[in-house]
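Written out below as structure tokens is the structure these notes cover.
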Amino acid sequence: LAVTLLFTAILLGRSFVKLTEVPLGFEAAHVWSGAIQFSPAAHSADQRWDWDTHFYTPLLEQISQLHGVESVSACNAIPFNPSGAWSENLRLPNRSKGEEIQAQIGLALPRYFETMGIPLLRGRTFTGGDGRQAPYVAVVNQEFANRYFPGQEAVGQLVMNTGNDARSRIVFAFHRPEALA
């Protein structure tokens, strides 16, 4: 029994070490994350939709002034904790209405990908010009690009929300390690 337990412990230890060597797809060292919970009753409906300009932008400006801070941004769903994200049915132009795809949607402010150390493959990241008043833009990972735009460039393509036909143009593609795909 002792030999079996020792053998199992060694195998589990080796597996743990191998897991720590798997690329995450972002830079985890020297990155701090925090969560902020809003009370819906404390904000009007318009303020809740303007989460970026009324709350986060001034907060991020203050945080960026702190000693040692190199980059700062915000999102509603960080890697490995997508609790703020939601799923939506999307449709790609030039495909029948029955060919809907379900995607996990999250929101991010400018410099999010640079702050997280997520490598840019093609296109651009979010800018200050991307917002509610501008045409919608979308970010996809390489797996999405390969699956839905095989042999084509994903950057510049359109995706449509099936609920309201809102169109988003893909502006950025990033790599997600195969181990996480």
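- For Ser168, there are no side chain to side chain donor-acceptor pair (under 3.5 Å) partners, not counting sequence neighbours.
- Atoms CZ and CG, from Arg147 and Asn141 in turn, are 9.0 Å apart once rounded to the nearest 0.5 Å.
- For Ile101, the side chain to side chain contact (heavy atoms under 4.5 Å, CB included) partners two or more places apart in sequence, or in a different chain, are Leu90, Leu92, Phe144, Tyr148.
- Under the 4.5 Å side-chain heavy-atom criterion for Ile, Leu, Val, Met, Phe, Trp and Tyr, Tyr136 and Tyr112 are members of distinct hydrophobic clusters.
- With sequence neighbours excluded, the residues satisfying side chain to side chain donor-acceptor pair (under 3.5 Å) with Ser71 are Arg111, Thr115.
- Counting heavy atoms from C-beta outward, Val72 and Ser64 have side chains that approach closer than 4.5 Å.
- Side-chain N or O atoms of Asn76 include none that pairs as donor or acceptor with a backbone N or O of Gly106 at under 3.5 Å.
- With sequence neighbours excluded, the residues satisfying side chain to side chain donor-acceptor pair (under 3.5 Å) with Glu88 are Trp86, Asn161.
- Few gaps surround CZ on Phe149; more than 12 heavy atoms of other groups in view lie less than 6.0 Å from it.
- Partners of Ser73 by side chain to side chain donor-acceptor pair (under 3.5 Å), not counting sequence neighbours: none found.
- With sequence neighbours left out, Leu5 forms a side chain to side chain contact (heavy atoms under 4.5 Å, CB included) with Leu1.
- Taking Asn146 as the reference, Gln142 meet the side chain to side chain contact (heavy atoms under 4.5 Å, CB included) condition, with sequence neighbours excluded.
- Taking NZ of Lys18 as the start and CZ of Arg14 as the end, the distance is 6.0 Å to the nearest 0.5 Å.
- No side-chain heavy atom of Gln157 sits under 4.5 Å from any side-chain heavy atom of Val140.
- Around atom CD of Gln102, more than 12 heavy atoms belonging to other residues, nucleotides or ligands sit under 6.0 Å away.
- Residue Ile10 belongs to a hydrophobic cluster whose other members are Leu6, with links defined by side-chain heavy atoms closer than 4.5 Å.
- For Thr8, the side chain to side chain contact (heavy atoms under 4.5 Å, CB included) criterion is met by Thr4, Leu12, not counting sequence neighbours.
- Heavy-atom minimum distance, Leu109 versus Phe126: O-CD1, 4.3 Å.
- Side-chain heavy-atom separations under 4.5 angstrom define the hydrophobic clusters, and the remaining members of the one that includes Leu11 are Phe7.
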